[in-house]
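Numbers restart at 1 for each chain; the letters A, B, ... are given by sequence-line order, proteins then strands.
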There are 2 protein chains.
Amino acid sequence: MTRIDDVARLAGVSTATVSRALRGLPTVSAATRRRVLAAAEQLQYAVSPSASRLAGGRTGTVAVVVPRITRWFFGTVVEAVEEFLHHSGYDLLLYNLGGREQVRQRVLRTANLHKRVDAIMLVATPLRPADLTALAELDLPGITISSGSTVPGWPCVRIDDVAAARTATRHLLDLGHRRIAHISGDPADELAFTTHTDRRRGYQEALRRAGLRPDPRLDMESQFTIDGGNRATVELLARGEPPTAIFAACDEIAMGAMTALRDAGLRVPQDVSVIGVDDHDLSAVLGLTTIAQPAAEQGRLAARMLLDPLGVGIVGPDADRVPAPRGPGGYSPAPAPPVILPTRLVVRESTGPPRAN
Amino acid sequence: MTRIDDVARLAGVSTATVSRALRGLPTVSAATRRRVLAAAEQLQYAVSPSASRLAGGRTGTVAVVVPRITRWFFGTVVEAVEEFLHHSGYDLLLYNLGGREQVRQRVLRTANLHKRVDAIMLVATPLRPADLTALAELDLPGITISSGSTVPGWPCVRIDDVAAARTATRHLLDLGHRRIAHISGDPADELAFTTHTDRRRGYQEALRRAGLRPDPRLDMESQFTIDGGNRATVELLARGEPPTAIFAACDEIAMGAMTALRDAGLRVPQDVSVIGVDDHDLSAVLGLTTIAQPAAEQGRLAARMLLDPLGVGIVGPDADRVPAPRGPGGYSPAPAPPVILPTRLVVRESTGPPRAN
DNA sequence: CTGAAAGCGCTTACAG
DNA sequence: CTGAAAGCGCTTACAG
């Protein structure tokens, strides 16, 4: 393996100069830089990340924590984040919690991440008080996406879940529905994670504004999965007197609901309308009406906001990005308020007017 | 941040001993180990990965390369791999190629990975000759999952794609179908990636064994996506004289096909039967008949095969795994032949007998 | 703009 | 079973 002093020797300069030239520091003459780059190229030199990190104190790595990479929203976010990070010269360390409380604690509460990454991105990660303490001790920059409990000092990128749910429910109301059920997230996350409570709130608000009283018997707690939607719908139907419409807190729940309805001999939307939130890849295929949210854009934007103050990663000869300009005087911009990205109603075939009785 | 000499001082031993005790090396007395662990615990010590890697020459990190993390198979594989790696004390560096040829080359052909990871896992990654050369120069252990072009010296975990396709096609033949279309993968990957060519072969073999001649006009090339399946089906229908059944090379293609059929006013399975491969999360919801393949199990198994010869990762006090025993005499076992995991036909509602004409 | 030298925090022969 | 010391391959003040 070629090391930095091989390059230095070939280029006829010191290792310090090689280091500077390769990282694009401005204190290197053009001629010298050219020679160094040529030598590095010729020797196929790549810096040793370990050595660079140890000496430089930066890891050029970002930890990305998601609940479940296999769920549409998280996969889509990670894909966008991955592209941005690698393009910026950063590595992506993936942590998939997989619903295992023990794993969450190991990732968030140990000093593990501290010397391993320069920054942390938490995607919809439930955070309990002890986690917040641990994160504060880590003292690393971070950002959250769609996370209910925000981390003090960290920016957050998300949608307005309350408004999204209101729009969805309003769509059903506008079609003439009055018995509108809601299927939402895991009650176990209740304390720490607000996506599903926000969506429930929007649902209830829309009903109240229409002069209706939310019926607890139509309000189901489940999981953000197809299976969760399926089970909740089965239970809902078992209660008798089915709703004419279901607002599912996410498209995966909605898909499960559609199956359960079909299995029960009910047609969508003739017997029961269904609307979700997300605009999952498959929603168009299934004809599912939904509130579309920009998942990839949230990931991209969050990655950018996270990296901007860090500047470029640890780089080799193929660095292709310069640090983002800071504000005047070199001050970082003030902590941004949560960035709220827009959602929009996408009407497909799963919603329609209730049957005239 | 506590460093190793803080722990050494508190425990009253040398840093070398701390290092050994924390990594579970056998050459430390029980009493000493206890003291060291207690000191580390008390100081909340975590090793510096950079320093450990630089000194030890191991990164405790595995690169996982996937075409698209958002596709069901790859997300499911990564989830299983992530769990295994982290449980074994390894970090997971994620590379999502996203269909960008340039990215593939940057990941595979530069010396980038070399000092960054201890091993590489390539999931269904197209490999051209130049990539193979580059990988050989990297001289790192690796494993492939479902990758068409195998890497010399690397084991491979996969299913038998030819057999899976044969079974799928046979299912349609057994139902009485004779005009059976096939929708397969991207022709651009033809040279380097054999999943879709294998599945096409199985399809053709099954037809021939049934005494039928494969009809090129029923054989569509597309992409392994919902949209690809949709488009190919639209084109297929535009050719006139539609098939009575479609064998889609994966479930996502099958889903796109189902939509296109529905949009064209054709019922599944009454007018056209559809079968896929995968057993995607949504296939049950959609009633899609498919050839199920064990995605998570392939990931888990590949991770285990990859790590076994490496032993435990770089560890802190929370190491929870010992290196796997080697064969007698310390020799590694001979390179394993490809490990073929079983698939199975899952009959749902999307396939049935052709209409009697 | 450039270089000599210290230092980042570990692990690993080597010696005992 | 344990320790002193070298060394892993960079980056960073510091000096010029």
Side-chain angles (χ1 to χ4, degrees), chain A residues 1-9 11-37 39-40 43-61 111 114-116 118 311-317 319, chain B residues 1-9 11-37 39-40 43-61 111 114-116 118 311-317 319:
Chain A
M1 277 297 90
T2 20
R3 293 168 321 185
I4 196 171
D5 41 306
D6 297 320
V7 179
R9 209 171 306 116
V13 296
S14 71
T15 59
T17 297
V18 173
S19 175
R20 293 184 191 112
L22 256 28
R23 279 176 300 145
L25 298 191
T27 62
V28 179
S29 78
T32 303
R33 186 188 311 278
R34 252 196 312 279
R35 260 186 303 142
V36 170
L37 289 177
L43 297 175
Q44 297 223 57
Y45 171 72
V47 306
S48 157
S50 327
S52 174
R53 288 164 191 187
L54 181 57
R58 304 168 61 219
T59 65
T61 305
H114 196 290
K115 302 170 179 168
R116 212 169 283 276
D118 294 337
V312 72
I314 291 176
V315 297
Chain B
M1 276 297 92
T2 19
R3 293 168 323 186
I4 196 172
D5 40 304
D6 297 322
V7 179
R9 209 170 307 118
V13 295
S14 72
T15 58
T17 297
V18 173
S19 174
R20 294 185 190 110
L22 256 29
R23 280 177 300 145
L25 296 192
T27 61
V28 179
S29 78
T32 304
R33 187 189 310 280
R34 251 196 312 280
R35 258 186 304 142
V36 171
L37 289 177
L43 297 174
Q44 296 224 57
Y45 172 72
V47 306
S48 157
S50 326
S52 173
R53 288 164 191 187
L54 180 59
R58 305 167 62 220
T59 65
T61 305
H114 196 293
K115 302 169 180 170
R116 212 169 283 275
D118 294 336
V312 72
I314 291 176
V315 297

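Picking from D/dT11, C/dT2, C/dC10 the nucleotide with the shortest atom distance to the side chain of A/K115 gives C/dC10. Set against C/dT2, D/dC8, D/dT11, the side chain of B/L54 has D/dC8 as its closest nucleotide. Minimum atom distance to the side chain of A/V13 is reached by C/dG3, of the listed C/dG3, C/dC10, D/dC10. Of the candidate nucleotides D/dT12, C/dT12, D/dC10, C/dT12 has the atom lying nearest to any side-chain atom of B/R23. Side-chain proximity of B/A55 to D/dT2, C/dT11, C/dT2: nearest is C/dT11.
Note that OG1 of A/T2 and CZ of A/R9 are 11.0 Å apart. Values are rounded to the nearest 0.5 Å.
Exactly one of A/V36, A/L25, A/T32 qualifies for a side chain to side chain contact (heavy atoms under 4.5 Å, CB included) with A/R20. That residue is A/L25.
The backbone N or O of B/R53 lies less than 3.5 Å from no partner atom in the side chain of A/S50, so there is not a single donor-acceptor pair. Within the 3.5 Å criterion, the main-chain N or O of A/S48 finds no donor-acceptor partner in the side chain of A/R3.
The side-chain heavy atoms of B/L37 and B/L22, taken from C-beta on, include a pair separated by under 4.5 Å.
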Polar-atom pairs under 3.5 Å, protein N or O versus N or O of nucleotides 13-16 of chain C: list them with distances, or write none.
unit_1	atom_1	unit_2	atom_2	d
C/dA13	N6	B/R20	NH2	2.9

Problem set entry | A/V13/A/V18 under side-chain contact (heavy atoms from CB on, under 4.5 Å): CA gap, chis, key distance, verdict | CA-CA 7 Å; A/V13 296; A/V18 173; 3.7 Å; yes
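Between A/Y45 and D/dG9 there is no side-chain N or O to OP1 or OP2 distance below 4.0 Å. Checking the phosphate oxygens (OP1, OP2) of D/dT11, a side-chain nitrogen or oxygen of A/S52 falls inside 4.0 Å. An OP1 or OP2 oxygen of D/dT2 is reached within less than 4.0 angstrom by no side-chain nitrogen or oxygen of B/T17. OP1 or OP2 of D/dT2 has at least one side-chain nitrogen or oxygen of B/S29 nearer than 4.0 Å. A sub-4.0 Å separation between OP1 or OP2 of D/dT2 and a side-chain N or O of B/T32 is present. Not one side-chain nitrogen or oxygen of A/S48 sits closer than 4.0 Å to the OP1 or OP2 atom of D/dC10.
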Exercise. In dot-bracket notation, what is the pairing pattern of DNA chain D, taking Watson-Crick (N1-N3 plus N6-O4 or O6-N4) and G-U wobble (N1-O2 and O6-N3) contacts under 3.5 Å, with [ ] crossing and | for other strands?
Worked result: |||.||||||||.|||
